[in-house]
Amino acid sequence: QVQLVESGGGLVQAGGSLRLSCAASGLPSNNYVMGWFRQAPGKVREFVAVIRGNAYYADSVKGRFTISRDNARNTVYLQMNSLKPEDTAVYYCAATSGSDWFDYRKYPYWGQGTQVTVSS
């Protein structure tokens, strides 16, 4: 059974930092791409970052967020710096063996989400 468990969300002031973690277990192989998505109230879930060797970011977070992966721990991280109120959302990690890494609909495995709230 595949499990993705996020942690590290919380409330932070604008300009602050948070580090999200996602521990994966039960994935059928190591050949999975791990990504982060977010969903704000009333909005569509959107791509944030993905890592498969190289890292790729949404323009809105480029230069502020860093995705990394520890294969020995089956854990992916999202370091979020210079947070803005518009970063407020539920953040989800997800895994896929497919090739369309930027489309949330292509990810079969999801964590439960962790709330990030940035106050102004």
Side-chain angles (χ1 to χ4, degrees):
Q1 181 180 358
V2 175
Q3 278 195 313
L4 303 178
V5 180
E6 301 105 334
S7 60
L11 173 65
V12 64
Q13 288 189 331
S17 299
L18 283 173
R19 188 194 196 204
L20 306 183
S21 300
C22 174
S25 62
L27 288 171
S29 73
N30 291 327
N31 193 29
Y32 272 79
V33 170
M34 300 295 292
W36 286 97
F37 293 78
R38 66 187 182 186
Q39 188 166 17
K43 294 192 176 181
V44 176
R45 192 166 297 190
E46 66 175 1
F47 167 77
V48 175
V50 66
I51 187 165
R52 172 75 184 271
N54 294 325
Y56 303 89
Y57 300 93
D59 287 343
S60 59
V61 307
K62 205 172 292 184
R64 299 187 298 122
F65 290 12
T66 303
I67 188 171
S68 61
R69 183 170 180 169
D70 184 338
N71 289 327
R73 290 184 167 85
N74 290 324
T75 300
V76 64
Y77 304 96
L78 187 68
Q79 178 66 44
M80 306 185 295
N81 298 329
S82 302
L83 282 161
K84 304 175 181 180
E86 51 264 43
D87 294 317
T88 295
V90 177
Y91 283 70
Y92 298 90
C93 72
T96 183
S97 60
S99 58
D100 194 352
W101 302 343
F102 307 112
D103 185 349
Y104 73 92
R105 296 167 294 182
K106 303 300 185 181
Y107 284 72
Y109 303 115
W110 290 87
Q112 81 285 357
T114 185
Q115 176 71 47
V116 171
T117 303
V118 185
S119 63
S120 57

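No experiment lies behind these values; they were computed from the predicted model shown.
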Study note, to complete from the structure: d(Ser21 OG, Gln79 CD) to nearest 0.5 Å is 9.5 Å
Practice item. Just jot down the side chain to side chain donor-acceptor pair (under 3.5 Å) partners of Ser7, sequence neighbours excluded, or say none. Key: none
Review point. Could you give the distance from OH (Tyr32) to CG (Leu4), rounded to the nearest 0.5 Å?
Key: 10.5 Å
Practice item. To the nearest 0.5 angstrom, please state how far the OG1 atom of Thr114 sits from the CG atom of Leu18. Key: 8.5 Å
List, one per line, each side-chain donor-acceptor pair under 3.5 Å for residues 46-57, sequence neighbours excluded.
residue	atom	partner	partner atom	Å
Glu46	OE2	Arg38	NE	2.6
Glu46	OE2	Arg38	NH2	3.1
Arg52	NH2	Asn31	OD1	2.6
Tyr57	OH	Ile67	N	2.9

Exercise for review: Measure the shortest side-chain to side-chain distance between Asp100 and Arg105 over non-hydrogen atoms and say whether it is less than 4.5 angstrom.
Suggested key: no
Practice item. Look at Lys62 together with Asp59 and state whether they make a salt bridge at an N to O cut-off of under 4.0 Å. Key: yes
Review point. Is Phe65 close to Leu83 at the side-chain level, that is, under 4.5 Å between some pair of heavy atoms?
Key: yes
Study note, to complete from the structure: Checking Tyr92, Trp110, Phe102 against Phe37 for ring-ring contact (aromatic ring centres under 6.0 Å, His included), the one that qualifies is Trp110
Review point. To the nearest 0.5 Å, what is the distance between OG (Ser120) and CD (Gln13)?
Key: 9.5 Å
Check your understanding: Is there a side-chain contact between Asp87 and Arg64, using heavy atoms and a 4.5 Å cut-off?
Key -> yes
Practice item. For residues Ser68 and Val76, report the shortest heavy-atom separation together with the two atoms involved. Key: O-CG2, 3.0 Å
Practice item. Using modelled atom types only, decide if a donor and an acceptor are shared between the side chain of Thr88 and the backbone of Val118 within a distance under 3.5 Å. Key: yes
Review point. Mind checking whether Tyr104 and Gln39 have side chains closer than 4.5 Å, heavy atoms only?
Key: no
Check your understanding: What's the spacing between Tyr109 OH and Leu27 CG if we round to 0.5 Å?
Key -> 7.0 Å
**Study point:** Sequence neighbours excluded - salt bridge (charged side-chain N to carboxylate O under 4.0 Å, His left out) pairs with any residue from residues 2-21
**Key:** none
